[in-house]
Amino acid sequence: MPLSHFRMQKTYDHQKIEKKWHQKWFKAKLFRASDEDKSKPKYYVLDMFPYPSSAGLHVGHPEGYTATDIISRYLRMKGYNVLHPMGWDAFGLPAENYAIKTKIHPEKSTLASITTFKRQIQELGFSYDWEREIATCLPEYYQWTQWFFCFLYKNGLAYKKKAPVNWCNDCQTVLANEQVVEGHCERCKFPVTPKFLAQWFFKITDFIDDTGETSGLLSGLDKIDWPESTKIGQRNWIGRSEGVNWINQRVKDMDISFEMYDSVPQTYMAQRFCVIAPEHPMVAKLVEGTEHEKPVTEFVEKVKKRKMENKFDLEKEKDGIFTGRVIDNPFGTGDLPIWVASFVVMDYGTGVVHSSAHDERDFAFAKANNLPLHPVMFPEDPEEAKKVEALEYCYHHDPMAIMQEPAEFKGRRWGEVREDLIDFVVKKGLAKRQTNYKMRDWLVSRQRYWGAPIPMVYDDQENEYLLPEDELPVHLPEDVDFNPKGESPLTQSKSFHDQKILARIEEKLKKSGSMPKDRKLVRRESDTMDTFVCSSWYMWRFMDPKNKKEFASKKLMEQWGPVDLYVGGAEHTVLHLLYARFFCKALHRHGYISTDEPFTKLRHQGMILGEDGEKMSKSRGNVINPDEIVKQYGADTLRMYEMFMGPFKDMKPWSTKGVLGAYRFLKKTWAIITEAKLTDEEPDHDTLKMCHQTLKKVTHDIEEFKFNTAISQMMIMINHIQKLGKVPKAAMEILLTCLYPFAPHMAEECWELMGHKAMIMNEPWPAYDEAIAKEEQMNMPIQIAGKLRGTITVPVDIGKEEALALALAEPNVAKYLQGNKIVKEIFVAGKIINLVVT
RNA sequence: GCCCGGGUGGCGGAAUGGUAGACGCGAGGGACUUAAAAUCCCUUGGAGGUAACUCCGUGCGGGUUCGAGUCCCGCCCUGGGCACCA
């Protein structure tokens with residue numbers, strides 16, 4: 001047996017290596033973000049903090065976390081003071097549902113989940129500053145969530161209003177949309193009905209447009225580096241629309257008049273009827289005491305019920321009923337019958353709209369209900385115009401359409417009259433300019449236990465009072481029954497409504513003059529806040545997580561804010577990202593911070609699917625447990641594999657076989673360090689070139705979130721090095737530096753084995769040399785009429801004449817040129833030759 | 001329905017308008033081994049050809065261009081979001 005078989009091979013023991021470096025990093029507090037160090041530029045890298053579910057970490061979590069860890073480690077090497085924190089979005093429905101089922105208190109199950117999540121995340125070796133860890137369900141955090149409620153309330157940005165909730169009469173509880181399946185309760189299959197409750201709203205609509213120094217939710221998007229699709233998502237969500245409100249729309253023979261919003265006022269002379277939302281409070285008045293009262297009321301009830309069933313397709317709806325009333329039309333086109341129509345949305349505009357022949361849905365509604373239509377603009381083509389006149393189809397949104405009415409605009413094009421026409425009708429006193437938005441105010445009340453209590457109290461006459469700040473936090477009480485009893489779980493708690501404490505609060509309120517002396521406090525607000533409120537401000541808390549006096553100090557927020565890079569799933573395109581921007585803008589408007597956008601740069605990770613290409617789920621049995629991958633192959637392998645799978649933002653299926661590719665790469669690296677002959681000799685020309693090419697590619701790819709191609713370049717380099725007899729240390733050092741952000745345990749261990757005393761993380765990120773990285777030779781393709789007919793090996797910077805001469809000499813090319821005349825020579829330096837022949 | 005993505009080998013994917021398929025997985029063949037694992041080497045889009053090489057090929061149909069996976073127009077299929085899941 002050859003001697004080499006007895007040579008002790010140092011095996012790649014990932015478990016031992018990873019544990020060793022976790023301890024080293026932890027002991028030396030190496031990832032502490034320094035509040036004091038002003039010598040380095042700051043960079044704040046934030047992950048969307050996870051909801052610690054009882055299922056434990058999903059392989060989807062480490063995808064984003066690895067990306068931010070790569071960026072964080074890379075930037076530290078580049079000399080930045082990096083803030084990279086982690087925490088827990090710990091309030092929410094699942095823990096409460098779990099409590100109802102198992103009687104285990106949400107706090108207990110949530111804290112257990114956090115412990116598991118934390119262990120799993122730590123095993124992956126992410127460079128978080130754990131001293132800044134936060135959990136939204138802890139009083140030291142939710143005290144400040146409540147402070148934000150107070151802050152908004154004091155500034156007129158929180159108000160109470162009645163709104164419908166999904167109500168299950170069998171379970172006696174409010175249901176989340178998620179718990180409503182096709183209009184029925186998920187648990188007991190009972191039909192869900194609407195129930196109107198007084199609920200708290202935040203006035204997010206106040207921040208759509210710019211105000212003073214604070215950019216609005218719309219224009220602010222223009223200055224941040226976010227994916228365009230996400231910006232579009234937010235713009236569409238906000239749904240800004242400019243138009244007019246028609247005024248003095250009086251109901252004939254009644255003392256009622258409406259305003260009606262119109263985003264396309266050009267065709268107002270076509271209006272022949274109007275439609276009102278079933279929920280409109282005036283509907284009852286319109287039909288009161290008439291023969292229409294009964295059928296209309298029945299119709300309204302029917303529509304409301306169908307809307308609750310979530311199966312309501314606004315676009316296809318054309319159900320309606322006549323109210324028996326008409327609008328006394330001020331335009332001189334006759335009275336407009338008022339119909340109740342299922343498709344009219346109460347939340348948009350004023351809930352009453354005019355209808356005309358130039359709107360597709362109005363057109364369909366009129367045809368279905370035999371209502372009059374009257375086109376006022378026509379296509380240029382007389383044949384087509386006839387069809388429009390005959391109401392064969394709905395003619396709309398054609399800029400070239402020719403207007404017939406009003407007389408003042410006759411002959412002009414629809415596409416250019418808008419502004420003039422609006423001025424005209426405004427001057428005539430028919431309308432006023434109006435901007436509308438699809439977005440509604442944010443409903444934050446939740447009739448649940450596991451959330452931050454809303455810091456309000458009520459007196460015996462149901463008047464509301466904001467809690468004095470020194471009464472915060474309002475603790476979640478323990479004496480609560482999670483089983484639904486028809487109202488918020490907190491309503492039942494004795495300790496929550498402790499009369500002694502209420503008396504103390506009452507005294508304070510009276511002393512400060514905010515409460516009349518003859519009133520008596522009787523209860524606290526028993527609703528809690530939407531968990532999105534907790535996650536709307538957590539990025540500020542990370543900057544100053546231990547602060548007992550403020551949610552975060554102005555000084556530290558100026559120092560660390562805003563978040564330079566934010567990474568998370570695209571499912572948060574609208575809600576979370578919009579709410580966090582709203583909070584930031586509110587803080588900015590009221591002088592707390594100097595930035596009005598919280599996240600300068602945003603990137604989304606794509607979802608990781610199961611091996612079957614389907615979404616991972618327990619029921620499908622295709623869930624991959626990261627613990628098993630870490631145990632078998634190590635954290636570095638999991639990190640490498642997840643980054644290598646494909647483009648960061650794309651959805652990609654898991655492949656357990658594919659993990660092997662990443663593992664083999666790491667083992668090759670390990671083998672070179674532990675087995676190959678490392679030499680102090682300078683790298684040869686090709687190896688040096690490879691080093692600089694790799695450095696260049698990895699540097700650029702990290703910055704552009706192209707981690708998959710960065711890794712493939714490292715694979716190319718290791719394949720090259722493997723073929724060398726002696727491996728130059730200098731080359732391995734460059735490779736390990738590139739590898740460090742991706743597989744930090746492996747890189748540190750190898751670095752140490754190479755004899756380095758200091759850690760690789762303390763090395764500066766090396767600069768590449770463009771001149772060395774450059775290829776000097778290339779295979780230049782030669783096309784004839786766009787088809788590849790040969791290649792020539794030439795210097796990259798070869799000139800046109802020289803290249804053409806070589807190209808013509810290439811045998812296969814010459815063959816194809818026989819008997820043809822070259823009419824055009826395309827030469828793209830360093831790229832290609834294309835000869836166009838007759 | 002509305003809004004936003006995506007369709008490239010057996011699979012994940014790569015390609016500033018310039019040789020389509022880098023890198024990895026899988027598969028086939030070989031080396032080492034008593035054997036297996038591990039590792040290493042070779043082949044690997046399809047069809048034809050001993051070979052040189054040729055033809056076809058990036059969801060479908062058109063267009064722009066010397067040249068299109070990439071840009072434009074029209075389709076088909078598919079995934080995600082849609083306000084109380086987070």
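Order of the sequence lines sets the chain letters (A, B, ...), proteins ahead of strands, with each chain counted from 1.
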Looking at [X] and [Y], does any basic side-chain N land under 4.0 Å from a carboxylate oxygen?
X	Y	value
A:Glu775	A:Lys689	yes
A:Glu228	A:Arg235	yes
A:Lys652	A:Glu63	yes
A:Glu614	A:Arg620	yes

Determine the Euclidean distance between corresponding [atom1] atoms of [M] and [N]; express it in Å to zero decimal places.
N	M	atom1	result
B:rA27	B:rG7	P	27 Å
B:rU78	B:rC25	C1'	24 Å
B:rG30	B:rA35	P	14 Å
B:rC66	B:rG17	C1'	12 Å
B:rA20	B:rU54	P	12 Å
B:rA68	B:rG62	C1'	14 Å
B:rC72	B:rU50	C1'	47 Å
B:rC41	B:rC60	P	37 Å

Within the structure shown, what part of the strands sits under 4.0 Å from [X] by heavy-atom distance: base, sugar-phosphate, or nothing?
X	result
A:Gln447	base
A:Gly92	sugar-phosphate
A:Ile232	sugar-phosphate
A:Thr709	sugar-phosphate
A:Thr230	nothing
A:Trp237	base
A:Phe665	nothing
A:Asn236	sugar-phosphate
A:Tyr12	nothing
A:Pro647	sugar-phosphate
A:Val828	base
A:His576	nothing
A:Ile716	sugar-phosphate
A:Asp650	nothing

- Message: Heavy-atom nearest nucleotide on RNA chain B for A:Met645 versus A:Phe49: which residue maps closer to 5'?
- Response: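 Its nearest nucleotide being more 5', the pick is A:Met645.
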
- Item | Nearest-nucleotide comparison on RNA chain B, the residue closer to the 5′ end among A:Leu443 and A:Lys667 | A:Lys667

Between [N] atom [atom2] and [X] atom [atom1], what is the distance in whole Å?
X	N	atom1	atom2	result
A:Lys706	B:rA22	NZ	C1'	13 Å
A:Met690	B:rC23	CE	C1'	12 Å
A:Glu178	B:rC85	CD	C1'	4 Å
A:Phe707	B:rA14	CZ	C1'	17 Å
A:Lys649	B:rG13	NZ	C1'	13 Å
A:Lys787	B:rU54	NZ	P	10 Å
A:Phe742	B:rC23	CZ	C1'	14 Å
A:Asn779	B:rA22	CG	C1'	15 Å

- Test item: side-chain donor near acceptor, A:Gln234 and A:Trp226, under 3.5 Å: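 Looking only at side-chain atoms, A:Trp226 and A:Gln234 do not form any donor-acceptor pair under 3.5 Å.
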
- Message: Just by distance, no angles: are the side chains of A:His604 and A:Thr230 close enough, under 3.5 Å, to form a donor-acceptor pair?
- Response: yes

If pairing requires Watson-Crick or G-U wobble contacts with both distances under 3.5 Å, which nucleotide is the partner of [N]?
N	result
B:rA68	none
B:rG74	B:rC60
B:rC82	B:rG1
B:rG24	B:rC11
B:rU34	none
B:rC53	B:rG48

Closest approach to the side chain of [X], judged atom by atom: which nucleotide of [options] is it?
X	options	answer
A:Met715	B:rC23, B:rC85, B:rC40	B:rC23
A:Arg446	B:rG24, B:rC84, B:rC85	B:rC84
A:Lys831	B:rG18, B:rC40, B:rC85	B:rG18
A:Tyr51	B:rC53, B:rC55, B:rA86	B:rA86
A:Lys668	B:rC84, B:rG24, B:rA83	B:rG24
A:Arg789	B:rC84, B:rC55, B:rA83	B:rC55
A:Arg664	B:rG5, B:rG26, B:rU54	B:rG26
A:Asn812	B:rC53, B:rA83, B:rC66	B:rC53
A:Val165	B:rA83, B:rC84, B:rA86	B:rC84
A:Gln783	B:rG79, B:rA20, B:rC84	B:rA20

- Task: Could you point out which residue of A:Gln199, A:Gln447, A:Arg446 forms a side chain to side chain donor-acceptor pair (under 3.5 Å) with A:Asp527?
- Result: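 Among A:Gln199, A:Gln447, A:Arg446, the one meeting side chain to side chain donor-acceptor pair (under 3.5 Å) with A:Asp527 is A:Gln447.
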
Is the [X] ring parallel, tilted or perpendicular to the [Y] ring (thresholds 30°, 60°)?
X	Y	result
A:Phe149	A:Phe202	tilted
A:Tyr633	A:Tyr663	perpendicular
A:Trp442	A:Phe583	tilted

- When syn is taken as a glycosidic angle within 90 degrees of 0, is B:rG80 syn or anti? anti

- Under 4.0 Å: is that the gap between some side-chain N or O of A:Lys824 and OP1 or OP2 of B:rC66? yes

- Phosphate OP1/OP2 of B:rA86: any A:Thr531 side-chain N/O under 4.0 Å: yes

- Message: So, under a plain 3.5 Å distance rule, would you say the side chain of A:Gln199 forms a donor-acceptor pair with the base of B:rC84?
- Response: yes

